[in-house]
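The block underneath contains the structure these notes are about, expressed in structure tokens.
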2 protein chains.
Amino acid sequence: MRKKKPDIDRIFHALGDPSRRAILEKLSDGPVSVSRLAEPLAITLAAVVQHLQVLEESGLVRTEKLGRVRTCRIETAGLAAAEEWIRDRRSVWERGLDRLGDLLEEEE
Amino acid sequence: MRKKKPDIDRIFHALGDPSRRAILEKLSDGPVSVSRLAEPLAITLAAVVQHLQVLEESGLVRTEKLGRVRTCRIETAGLAAAEEWIRDRRSVWERGLDRLGDLLEEEE
DNA sequence: CGAATAGTCAAGCCTTCACTTAACTAAATG
DNA sequence: CATTTAGTTAAGTGAAGGCTTGACTATTCG
């Protein structure tokens, strides 16, 4: 059993919120400061900071503070983990489809 | 502007819950009845039914009732949409990395 | 220096959410 | 027919979640 999971639980929880996904979308264009991130978002700076905390704890975002500006960037490893989880579910299922309605169980 | 989303919102919300992901994991081995789905899950049948509703409304699962048994199966299109969203974020980011070869250090 | 800028922290407020219990319907089985 | 099996629905509860306000800390600028 592999124990070294990049916290799939926190990752998917973080991805579950639309504001957080919006942040990631913005961030995928490149590193952005917190207030710049907040600008288009119809919510308070404070709220953005809270989302950022969740994103950082889940490993989806990395931030770094220089002077009074905190710069945020996407951490691809987190996204990759989520993508992998999904791909796994899909591929197992599609392998199952090869049976084409057969009631035989798997092997392996 | 673009309205043609396969309900990314509901999909990621659905994926955000661990019980729901457990259901999907089980389902990726092949179609299963509701009560069989509930068996390993430390929650009530009623709770499972509710999760199933969320999963079905999000398009991640399709169900079909024959007699008194409802059979559930994974709908790969939903998973594919989520996977695509993630891949998009990643690829845009990685493209950006090519342009700006700025300083970034991996920490472990 | 004083003022503006960029964040941070802590309560508190609602709303949403997962889950339970309990009462109920419909189909298979003895 | 009576019972068990499989699922459905409704109502309620407690906890978590997203967001706001407001007070506070650093840093940069005129």
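The sequence lines fix the lettering, A, B, ..., with proteins before strands; numbering per chain opens at 1. Being a predicted model, the structure only gives us computed values, none of them experimental.
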### Query
5' to 3' on DNA chain D, which nucleotides open and close the contacts with chain A (atom under 4.0 Å from a heavy atom)?
D:dG17 to D:dT28

### Task
Quick one: pull up CD in A:Gln50 and CG in A:Leu45 and give me the separation to the nearest 0.5 Å.
11.0 Å

### Query
How large an angle, rounded to 10°, do the end axes of the helix from C:dC1-D:dG30 to C:dA27-D:dT4 enclose when each is built from five base pairs?
30°

### Summary
Paired with B:Leu60, the side-chain contact (heavy atoms from CB on, under 4.5 Å) test is passed by just one of B:Ile11, B:Thr76, B:Leu27, namely B:Ile11

### Query
Shortest non-hydrogen contact from B:Ser33 to B:Val69?
CB-CG1, 3.9 Å

### Task
Go through residues 33-40 of chain B and report each residue with a non-hydrogen atom lying under 4.0 Å from DNA chain D, sorted by number.
B:Ser33, B:Val34, B:Ser35

### Task
Could you pull out the closest heavy-atom pair between A:Arg89 and B:Leu24, with the gap in Å?
CD-O, 4.3 Å

### Task
Could you pull out all residues at least two apart from B:Arg10 that satisfy salt bridge (charged side-chain N to carboxylate O under 4.0 Å, His left out)?
B:Asp7

### Query
C:dA18 C1' sits how many Å from B:Arg20 CZ, rounded?
8 Å

### Message
A:Leu37 vs A:Leu52, test: side chain to side chain contact (heavy atoms under 4.5 Å, CB included). Steps then yes/no.
### Response
CA-CA 10 Å; A:Leu37 219 39; A:Leu52 244 11; 4.1 Å; yes

### Message
Would you say that A:Ile23 contacts A:Leu41 through its side chain, given a criterion of any heavy-atom pair below 4.5 Å between the two side chains?
### Response
yes

### Query
Reckon B:Ser19 has a side-chain N or O less than 4.0 Å from the OP1 or OP2 of C:dC19?
yes

### Task
Run the numbers on B:Arg73 and B:Glu64 for side chain to side chain contact (heavy atoms under 4.5 Å, CB included), then give the verdict.
CA-CA 9 Å; B:Arg73 68 194 66 211; B:Glu64 190 183 4; 4.0 Å; yes

#### Entry: side chain to side chain contact (heavy atoms under 4.5 Å, CB included) between B:Leu66 and B:Thr71, intermediate numbers included
CA-CA 8 Å; B:Leu66 279 174; B:Thr71 303; 5.8 Å; no

### Query
Contact class for B:Leu45 (heavy atom, under 4.0 Å): base, sugar-phosphate, or nothing?
base

### Task
Mind calculating the distance between CG (B:Leu41) and C1' (C:dT20) to the nearest angstrom?
15 Å

### Summary
Interatomic distance, SG@B:Cys72 vs NZ@B:Lys65, rounded to 0.5 Å, equals 11.0 Å

### Message
Under the salt bridge (Lys or Arg N to Asp or Glu O under 4.0 Å) definition, can you give me all pairs with a residue in residues 39-56 of chain B, not counting sequence neighbours?
### Response
none

### Message
Nearest whole Å is fine: how far is C:dA18 C1' from B:Gln53 CD?
### Response
13 Å

### Query
Using a cut-off of 4.0 Å between protein heavy atoms and nucleotide atoms, how would you tag nucleotides 21-30 of chain C 5' to 3' with B, S and -?
B-----BS--

### Query
Quick check: does any side chain N or O of B:Arg20 sit under 3.5 Å from a backbone N or O of B:Leu15, one acting as donor and the other as acceptor?
no

### Query
Over how many whole Å does the gap from A:His51 atom NE2 to C:dT8 atom P extend?
15 Å

### Query
Looking at CZ of A:Arg62 and CD1 of A:Ile74, how far apart are the two atoms once the value is rounded to the nearest 0.5 Å?
11.5 Å

